Structures are given as C-alpha cells and as structure tokens.
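Remember, it's a predicted structure, so these values are computed and weren't measured experimentally. Worth knowing before you read on, the calculation uses all heavy atoms, side chains too, and leaves out hydrogens, waters and symmetry mates.
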Amino acid sequence: MTDSWANTPIAGVDLHLELRGSGLRSGLMNALRDAVRTGRLAPGTRLPSSRSLAGDLGIARNTVADAYAELVAEGWLTARQGSGTRVARRAAPRRPAPAAPRTRPVRRGPAYSLMPGTPDLAAFPRAQWLTAARRALTAAPHEAFGYGDPRGRIELRTVLADYLARARGVYTDPGRIVVCSGFVHGLTLLGKVLAARRVRAVATESFGLDIHRDLLTGAGLRTPALALDARGTRTEDLAGLPDRAGPRGVGAVLLTPAHQFPTGVALHPDRRAAAVDWARGTGGLILEDDYDGEFRYDRQPVGALQGLDPERVVYVGTASKSLAPGLRLGWLALPGELVGEVLAAKGQAEWASSALDQLTLAEFIASGAYDRHVRSMRLRYRRRRDQLVEALAQRAPGISVTGIAAGLHAVLELPAGTERSVIEAAAWQGLAVEGLSRFAHPSAPPGRDALVVGYATPPDSAWTGALDALCRVLP
C-alpha cells in the first residue's frame, strides 16, 4: 500500500489516495472508488488532470488515463471535453444512517438582553473597518507578517500615544505602550509582574467583575476590598487596609475611576489625589481600567487618572466597548520601570494579537474614522439612555436611575428584597438582566437591591422590545 498526496493547484483539489491492489492502475481505481463511495470526493468535484495526478503520484500518465477511462465506463466518473474529469452526480456517497438523537429539552436563549458590558455589536462600522483594512494591508511591510515585536506594531503604538493624550489625557509614548488582547490579557500580565515583585495583595473595589479578582487570585495575590460611596471608591482607606501580609502587603490597587463599574460613580478629585499620594508614598501601583471612558453625556470629560502620575499608574484601555470585544485589542500605557517586566511576562514575540488587526486599528484611528465612530455611538447611546429614563418615569415612577452621566449602563434602584424576584420575572419575559449583588466582592457587606442595565447591548431592532419587557417586570 502506498500513501501519496496529489497536490494539484490548477485543478483546485488535493487528493490523499491510498493505492491498494496488485498493480498501480487497480490500486488507483480502488482508491478513487473508495473516495467517492465514502463521500470524500463529492459529486461534481473536478479531479486533477491525468498529467498532474501522474506527476504527484510518481506514476505513468497512461496509468492514470486508463484508470479514469474505466471509472467513467463504470459510472463513477464523467468526462467531457473542456470540462475535465469529475465525480459523477449519480454516484452519491453512501453515508451511514445517523444515530437517533437523544431527546433533550430545548434551551432557548433570552429574546432580549440588557446585560452590561457589551456595546451594540450590530453597529460595528464594517464598511469603514474594511476600508482601513485594505489600506493597512496595502501599506503593510513584509515583516508585518512575521511573529513581531511583543510590544505590538509600532504603527498602532504611535497613533495610540497621540490619541490617548488628546482624548483621555494620558501621558505616554510609543515605547511605553504594550499591545495586548484585551483587559483580561493585560491584567494577567500585570498579575504575573506583581507576583514576581513579591506583592502579596491588590486592593479591589467592593463592586466589580469577579473574573478580574479571580485572575489576581490565580496569580497568588489576595484581593482585599475598598468600600464605595457616593464619591466613589474610598481610596483614603488604602493606607489602613487590613492585610495579614503586613504594611507592604498591598502593593497595588485596581480602580475604574472615570466610571466605576458597576455603580457608575466617578471617582471624586480628592480620592483621585489620595490614591496617587498612596502610590507615591508606598511605591505602590494603580491599575486603571478605563473601560468606557470615551462615552460621556451630560458631564464634563473625566480624564484618565494616569495623567496625575504616569510613573505610578498603569493605564489599561481596550477597543472592546468603543468598537467590539471580538477584535481582542487592548493596550497598556506603562511606567517606564514596568515595560521590561511586562514584556518578559508576555514573551519574546507577539503571540496574542493579529498584526493585521493592529495595523487596521492604527489606520482606523489615524484616518479619523475612530473619532467619528465614537462620536456617532455617543449620540446613539445617549438617545437610548434618555429613552430608558423617560420610559421609567412614565411606567415605573418609583424606580430611580443612577450612574447615567457616562458609560453604557445604568443602575436601577429596587425596593429592598426584590432584586432576585425581578430577575426571575425578567427571565419569564425572555429578558436577560443582571443584579447589582452579582458584582459584590465576597467580603463586602450586603448592599442595596438594584439592576445593572446595559442599554447599549441590544441592536436597534430589539431595543424597544427589551425596554418594554424591562418596564413590565419592575415593581
């Protein structure tokens, strides 16, 4: 038995044939019959020319031509002048009958979703992104198709440095930016760096995403909680935060200062200053998650905390809310002393983010398309926020709404003890919503009952239905 690959780019098909039989012709015929019978060669598939197949298999061309002719006579193949040799349409593959599937209850997803954390994916700027991708691909140097610099493409890092300075008040340069595949990847790298520095704990906000706490815990770091109130996270408590590791145990703090997730409070200027003072005094680091800082509505822009001290604050941004999480593109603006350590944690080459996606985003930003898209989405999300507030005022006047000056979600205050029942009622209405308690730190005291409503999530076609379903379940 001989195994051989028939690589025939002209005919457009690669054949893996096992030549069985006492002779080459019979072995080839058996192999082709088997391929047709089992369905590996579908009806209508064009086969390689006899010359191409003979060359790939290392046999005489006449052997292939004779085998083709006999299989045509048997009805397995067809041959027409100018059309080549193809698998006969009537030689349908014999497939085993599928096993009867087990009967299981059908699980249907919710008809509507107001889950926080996702933009309107239907609004992704496909045409503009495609234009940027074409330009980027045309201009891409040959080396862009290699493994690449672990810091990321210089084109992207250069435009990001300019954009972040202009739009978010971040002070950095391309040499201090490291591209990552999103916030989770960036936090994973930072967790490795902190653990290598023998940091024992990273303070976190008393409400936030458990996946972020889990990543830090997985790196061997404890995550003591800082309380929240109407002025944001109580950063003045950092100095006295209890931790069994001792006064040097808490070596960093993870904050969402522009728009606290999920409560929506902006960190008060006094507490921004308190956080920076703590970092300067202890040598600690502030990890700033600027997840939706570009989306503000009826308030003055809140700049990045990083601008107060670029040597003590790690700025983490992504395209997940401004464009789409599926792009898997984020960036770290690092203090100078951390660049080498983060690169060591990331590896010797760019394994995480596509160079072409990076080049496309660089072109998208440089051309002004990114700014135009953000402005357009800001108007769209503001209209949705206003429609949410208006609907609640008319149909659920007892529900107050907070955290709506910026971002992509709102917090709906509920009567005490009703959060779980409202979420269950929403599920019966085909509406997915999340309660505030879902985001509480394990050590946080019981908080108020509330819903965290992501009004950016539904596409336009589903927005009215989602809003109606929400109003129907509110007490």
Side-chain angles (χ1 to χ4, degrees), residues 1-101 126-127 129-148 153 326-328 349-360 363:
M1 178 176 70
T2 301
D3 285 3
S4 178
W5 280 100
N7 298 309
T8 55
I10 295 177
V13 61
D14 290 341
L15 299 181
H16 176 65
L17 300 175
E18 296 180 0
L19 306 187
R20 298 189 180 94
S22 56
L24 291 176
R25 185 169 66 88
S26 62
L28 177 58
M29 291 174 61
N30 289 336
L32 288 170
R33 286 193 196 97
D34 182 65
V36 175
R37 183 184 297 112
T38 60
R40 288 197 297 115
L41 286 177
T45 300
R46 184 174 180 176
L47 299 184
S49 67
S50 58
R51 184 188 302 276
S52 297
L53 186 57
D56 289 333
L57 297 178
I59 60 180
R61 181 185 178 188
N62 286 343
T63 301
V64 178
D66 290 345
Y68 277 2
E70 189 161 342
L71 291 173
V72 168
E74 293 178 5
W76 294 98
L77 305 179
T78 62
R80 291 183 180 179
Q81 186 68 27
S83 181
T85 303
R86 298 177 181 271
V87 177
R89 293 286 180 184
R90 61 192 182 89
R94 300 170 186 172
R95 301 181 184 274
R126 297 171 188 245
W129 186 262
L130 181 59
T131 298
R134 286 172 174 161
R135 291 175 179 168
L137 185 59
T138 300
H142 298 318
E143 51 87 16
F145 299 95
Y147 286 106
R153 292 297 306 177
L327 291 178
R328 307 313 312 139
E350 177 57 85
W351 312 114
S353 301
S354 161
L356 293 181
D357 287 341
Q358 293 183 50
L359 291 171
T360 300
E363 171 62 28

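The backbone N or O of Ser26 sits less than 3.5 Å from a side-chain atom of Asn30, completing a donor-acceptor pair.
Atom CG of Leu130 is separated from atom CZ of Arg135 by 11.0 Å, given to the nearest 0.5 angstrom. For the atom pair CE (Met29) and CG (Asp66), the distance works out to 9.5 Å, reported to the nearest 0.5 Å. Here Leu359 contributes atom CG and Leu137 contributes atom CG; the two are 9.0 Å apart, rounded to the nearest 0.5 Å. To the nearest 0.5 Å, atoms CG (Leu32) and CZ (Arg37) are separated by 11.0 Å. Atom CG in Leu41 sits 14.5 Å away from atom CZ in Arg46 (nearest 0.5 Å).
Across all non-hydrogen atoms, the minimal contact from Tyr68 to Pro48 is OH-O, 2.9 Å. Minimum heavy-atom separation, Gly75 to Ala88: O-CB, 3.3 Å. Contact record, Arg86 with Gly44: NH1-O, 3.1 Å, taken as the closest heavy-atom pair. When all heavy atoms are compared, the tightest approach of Ala65 to Ser50 is N-CB, 4.2 Å. Of all the heavy atoms in Pro141 and Arg153, the pair that sits closest is CG-NH2, 3.6 Å.
At a threshold of 4.5 Å between non-hydrogen side-chain atoms, the residues Trp129 and Thr360 count as touching. Counting heavy atoms from C-beta outward, Trp76 and Val87 have side chains that stay 4.5 Å or more apart. A 4.5 Å side-chain heavy-atom check between Glu350 and Gln358 finds at least one atom pair inside the cut-off.
Applying the side chain to side chain contact (heavy atoms under 4.5 Å, CB included) test between Val64 and each of Leu53, Asp56, Leu47 identifies Leu53 as the sole match.
Applying the side-chain contact (heavy atoms from CB on, under 4.5 Å) test to Ala79 and every residue at least two apart in sequence or in another chain returns Val72, Thr85. Every residue two or more places apart in sequence or in another chain that forms a side-chain contact (heavy atoms from CB on, under 4.5 Å) with Thr63 is listed here: Leu24, Arg25, Ile59, Ala60. Listed by chain and number, the residues in a salt bridge (Lys or Arg N to Asp or Glu O under 4.0 Å) with Arg61 amount to none (sequence neighbours excluded). For Ser354, the side-chain contact (heavy atoms from CB on, under 4.5 Å) partners are Leu356, Asp357, not counting sequence neighbours. Remark: Arg134 engages no residue in a salt bridge (Lys or Arg N to Asp or Glu O under 4.0 Å) (not counting sequence neighbours). Residues meeting the side-chain hydrogen bond (donor to acceptor under 3.5 Å, both in side chains) test with Arg328, sequence neighbours left out: none.
Classification of Arg33 and Glu74 as a salt-bridged pair holds, one side-chain N sitting under 4.0 Å from a carboxylate O.
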